[in-house]
There are 4 protein chains.
Amino acid sequence: MGRKAVYTETELLDATEKLLITHGYEGFHLKLLSEHVNGARSTIYQYYANKEELIAACVRRAMQRILKKIEVIDETDVMDALHATLRAYIDESKLHQILSVISKVKGEQSTNTQADIAYVKEGHDLLRQQLFRIMTRAQQEQKLRQDIPVMAILTVFFTFVDVPNTMGVSNDDWTNMLFKIWLEGVKLG
Amino acid sequence: MGRKAVYTETELLDATEKLLITHGYEGFHLKLLSEHVNGARSTIYQYYANKEELIAACVRRAMQRILKKIEVIDETDVMDALHATLRAYIDESKLHQILSVISKVKGEQSTNTQADIAYVKEGHDLLRQQLFRIMTRAQQEQKLRQDIPVMAILTVFFTFVDVPNTMGVSNDDWTNMLFKIWLEGVKLG
Amino acid sequence: MGRKAVYTETELLDATEKLLITHGYEGFHLKLLSEHVNGARSTIYQYYANKEELIAACVRRAMQRILKKIEVIDETDVMDALHATLRAYIDESKLHQILSVISKVKGEQSTNTQADIAYVKEGHDLLRQQLFRIMTRAQQEQKLRQDIPVMAILTVFFTFVDVPNTMGVSNDDWTNMLFKIWLEGVKLG
Amino acid sequence: MGRKAVYTETELLDATEKLLITHGYEGFHLKLLSEHVNGARSTIYQYYANKEELIAACVRRAMQRILKKIEVIDETDVMDALHATLRAYIDESKLHQILSVISKVKGEQSTNTQADIAYVKEGHDLLRQQLFRIMTRAQQEQKLRQDIPVMAILTVFFTFVDVPNTMGVSNDDWTNMLFKIWLEGVKLG
DNA sequence: TATGAATGAGGTTTCATTCAT
DNA sequence: TATGAATGAAACCTCATTCAT
C-alpha cells in the first residue's frame with residue numbers, strides 16, 4: 001500500500017557517499033543530493049530526520065563495509081594478511097575521505113547519530129589495533145625490521161592506502177607495487 | 001606615525017591559512033575569520049574584493065613559500081637533494097591541505113583570482129617536474145631501483161610528505177625515519 | 001461485520017479537541033493528531049477535506065454540547081438557573097479555549113467550514129442573549145443589584161467560568177464557592 | 001560609524017509584543033514581524049540570535065514593566081493597595097496573554113533565553129506571593145471575609161484582571177466597577 | 001579608512017496536502 | 001478505503017556582500 005518509492009535507501013546513501021567524496025562535509029547540501037537522485041529535497045526527510053543523521057548513516061555504512069572486508073582476511077600468514085589488508089583498503093580508495101567526515105558530524109540532537117558516530121570511532125580503533133597486532137607479530141616473526149617502531153610502520157602503511165593510483169593500473173597491480181615499495185623501499189639493491 | 005591598521009595583510013593571510021587548515025575550504029567563512037583577527041568583517045573587503053580572491057591569495061602565498069624553500073636546495077648530490085626536499089615538505093606539513101583548496105576556488109569573477117589559481121597550478125607542475133627530474137637522475141645514477149616507474153616512486157614520495165607525525169618526534173628525526181623507510185622499506189634484511 | 005475502521009469520526013474529534021486545548025490553534029498539526037489516534041495522517045482526509053474543516057467541526061461539536069446542556073436548564077427560579085449555568089460551564093471548563101479557536105479558522109475555502117463558523121458565532125450570541133435575559137429578569141426580581149449594568153454583571157460571570165480550579169476541589173464545591181463569591185463578593189460583612 | 005539603524009530595539013520589541021498578542025506564540029513568525037517593521041527579515045538577527053531569544057526578551061520586558069508598576073504601590077492601606085493593583089493590571093490588560101507565551105518558549109539553545117525565562121517565572125511567583133501577603137493581611141484586618149480561602153480570593157482576583165472591558169468605559173471607571181463587584185458581589189442587598 | 005548595520009540568496013526543516021498503490 | 005510516500009510552500013537561520021556614516 002502507498003505510493004512506490006522514488007529511490008531506495010541504498011541509492012540515497014550511494015549518492016550521499018559520492019557527493020561527500022567530491023564536495024566534502026561542508027560542501028554537501030541536501031539540495032545537491034536531491035539533484036543527484038530523482039525526487040524532491042523534502043523527500044529525503046522520509047528516510048532521515050536531518051542532514052547529520054543521513055551523513056552519519058552513510059559513514060557508518062562505509063565503516064561496516066571495510067570492517068566486513070577486513071574481518072574475513074586470513075591471518076595465518078602474517079605477510080599475506082598485510083598484503084590482503086592493503087588490497088582491501090585500495091579497493092576502498094576513498095574510504096579515508098568518507099571516514100574523516102565523521103569528525104565534523106554534530107550529533108547532539110539525535111541518539112541515532114550519536115550511535116553511528118560511536119560505531120565509526122570504535123571501528124577506527126578496531127582497524128588500527130588489529131593492524132598493530134599483526135605488525136607486532138610480523139616483527140616477532142622477523143618479517144619486519146625491528147629498528148623502526150611498529151607505530152611508525154603502521155602510520156606509513158595507513159598513508160600508503162591513500163596513494164592515488166596515478167599510473168592508472170589495476171588495483172591488483174597497484175597493490176602489488178605499493179606493497180613492494182612499502183616492504184623493500186625504493187633504493188637500488 | 002599614524003594609528004596601527006586593524007590588521008596587516010600578512011595577519012589576514014596567516015589567519016586565513018590557519019582556518020583553511022582547520023576548517024577546510026567549505027568550512028571557512030569570513031565571519032569566522034573576522035573573529036580570529038582584530039577588526040570588523042567588512043574591513044576585509046578593503047584588502048580583497050571577495051572571499052575567493054582572499055583564499056586564492058592565501059594559497060598562492062603558501063605556494064610561493066614552498067617554492068622558495070625548494071629552489072635553494074643544492075642538487076649536487078641527488079640523494080641529499082631528495083632528503084632536503086622531504087625535510088622542506090615536512091616543515092610545511094599542512095601544505096597539501098592548503099594547496100588542495102585551490103581546486104575548489106571559483107575564479108570566474110576576478111582576473112586576480114584566475115592569475116593566482118594559474119600560479120598555483122604552475123607551481124604544482126614545477127615541483128612535480130623538478131622532483132621527477134631529480135629522481136630520474138637518481139635512477140640513472142643507480143641510486144634508485146629501476147624496476148619501479150619513476151612516476152610511482154614520485155607519487156609515493158609525495159604521499160610520505162603527508163604521513164602524520166604520530167610519534168611526536170622532531171622534524172629532523174621524523175624526516176630521517178621517513179626517508180629511511182622510503183628508501184629501504186620496512187622488511188627485515 | 002467488517003473490520004473496525006481505523007478510527008471513528010468521534011475519536012478523531014475527541015483527539016482534535018484535546019490537542020486544541022493543549023497546543024492551541026497554531027500549535028495543532030495533523031501530524032500531531034495522527035500520532036494520537038490509531039491510523040495514518042492521510043486517512044484524516046477521508047473524513048475532512050482539510051485541516052480548517054476538521055477544526056471547525058470540532059469547535060461546532062463543542063458548541064453543540066454546551067448548547068444542549070444549557071437548553072435543558074430549568075429557568076423557573078432565576079438564581080437556580082444561574083447556578084446551574086455556572087455549573088454547566090465549569091463542567092466544560094476548557095470550553096472557552098476551544099471556542100476561542102474559531103476566530104482563527106480560515107473559512108474562505110469551504111462552505112462547510114463557513115457554516116460551522118456561523119453556527120458557533122450564533123451559538124455564542126444565543127448563550128449570551130439567554131444569560132442576558134435571565135439576568136435582566138433577576139434584576140427585575142430584585143435578586144441582583146441594579147446599580148451595575150447587566151452587561152458588566154454578565155461579562156464578569158463569563159470570566160468566572162474560566163477561573164482555574166487552583167484549590168483542586170470537586171466541580172460541585174468549586175461551583176458553589178465561585179457562585180457565592182460572584183453573588184456576595186469577598187468583603188467581610 | 002556604520003549605517004543608521006532602520007529601527008530601534010524598542011520598536012522591534014513593541015512590534016513583537018503586538019503580534020504575540022494578536023497571533024499567539026505559534027502564530028508569530030519573523031516574516032510577519034518584518035512586515036510590521038521596516039527592514040528585512042534577516043536584519044532581526046542583528047538584534048537577537050533567534051526567534052526564541054527575541055520572544056523571551058519581549059516577555060521579559062513585559063514582566064519588568066508590570067513589576068515596576070506593582071513595586072511602587074503604597075501598601076499602607078491594604079484595600080487601597082489592592083485597588084491600585086487591579087488598576088495596574090487593567091492598564092496592562094494584555095499582560096496575561098504575553099506572559100503566558102513564556103511557557104512555550106524553548107530555551108535549550110541559549111543561556112540568554114534561559115535567563116529570561118527564569119526571570120519571568122520568578123516575577124510570576126513574586127507577584128503572586130505579594131498579593132497573597134496583602135490579602136492575608138486584609139483578612140487579618142477584617143477587610144476580607146474569612147470563610148473563603150485566600151487562595152480562592154486570589155485566583156478570582158487574577159481572573160478579574162482579564163475581564164474584557166465590554167462596556168467601553170475608561171480604565172478608571174472599569175477598575176472601580178470591577179473592584180466593587182469583586183468586593184461586594186452582584187447580589188442585591 | 002574602518003565599520004556597524006542591512007540585506008538577499010541559499011541552505012535546513014516542517015507541514016498540509018496530494019498521489020498512487 | 002486506508003495508507004505510505006512525494007512534494008511545494010513556507011518558516012528558520014547563515015553568510016557574503018553592500019551601504020552609508
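Sequence lines set the chain letters: A, B, ... in the order given, protein chains first and strands last, and positions in each chain run from 1. Reckoned from all heavy atoms, side chains included, excluding hydrogens, waters and symmetry mates.
Across residues 103-111 of chain D, not one residue has a non-hydrogen atom less than 4.0 Å from an atom of DNA chain E.
To the nearest angstrom, P of E:dT3 lies 13 Å from CG of B:L33. Look at CD on C:E26: it is 12 Å from P on E:dA16, rounded to the nearest Å. As rounded to whole Å, 13 Å separates atom P of E:dG4 from atom CD1 of B:I44. Rounded to an integer number of Å, the gap from CD of D:E9 to C1' of E:dG4 is 15 Å. Atom C1' of nucleotide E:dT7 and atom OH of D:Y7 are separated by 10 Å, given to the nearest angstrom. The NE2 atom of C:H23 sits 15 Å away from the C1' atom of E:dC15 (whole-angstrom rounding). Regarding A:E35, its CD atom lies at a distance of 11 Å from the P atom of E:dT12, rounded to whole Å.
Summarising the geometry of C:Y7 relative to C:N38, their closest heavy-atom pair is CD2-O, 3.4 Å, with the distance given to 0.1 Å. Nearest heavy atom pair, residue A:F28 against residue A:L30, reads CE2-CD2, 4.1 Å. Minimum heavy-atom separation, C:C58 to C:L20: SG-CD1, 4.0 Å. The two residues C:T113 and C:A56 make their nearest non-hydrogen contact at CG2-CB, 3.8 Å. Nearest heavy atoms, D:N50 versus D:Y45: CA-CE2, 4.0 Å. Across every non-hydrogen atom of C:A15 and C:L33, the tightest pair is CB-CD1, 3.6 Å.
D:R65 and D:E17 are joined by a salt bridge, as a carboxylate oxygen and a charged side-chain nitrogen come within less than 4.0 angstrom of each other. A salt bridge is absent between A:E9 and A:R61; no separation between the charged side-chain nitrogens and carboxylate oxygens falls under 4.0 Å.
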Checklist entry - Under a cut-off of 3.5 Å for both distances of each Watson-Crick or G-U pair, what dot-bracket string does DNA chain E give, using [ ] for crossing pairs and | for inter-strand pairs? => result .||||||||||||||||||||
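Using a 4.0 Å heavy-atom cutoff across all strands shown, C:Y48 reaches no nucleic acid atom at all.
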Next on the checklist: Would B:V105 and B:Y25 count as a side-chain contact (heavy atoms from CB on, under 4.5 Å) here? Give the steps.
Outcome noted: CA-CA 8 Å; B:V105 175; B:Y25 172 80; 4.3 Å; yes
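Atom CD1 of D:I55 sits about 9.0 Å away from atom CD1 of D:I102, to the nearest 0.5 Å.
In terms of phosphate contacts, B:T43 brings a side-chain nitrogen or oxygen within less than 4.0 Å of OP1 or OP2 of E:dT3.
Side-chain N/O atoms of B:S110 and B:E53 include a donor and acceptor closer than 3.5 Å.
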Next on the checklist: Protein within reach of the bases, or only the backbone? For nucleotides 15-21 of chain F, mark each nucleotide 5' to 3' as B, S or -, using heavy atoms under 4.0 Å.
Outcome noted: SBBBBSB
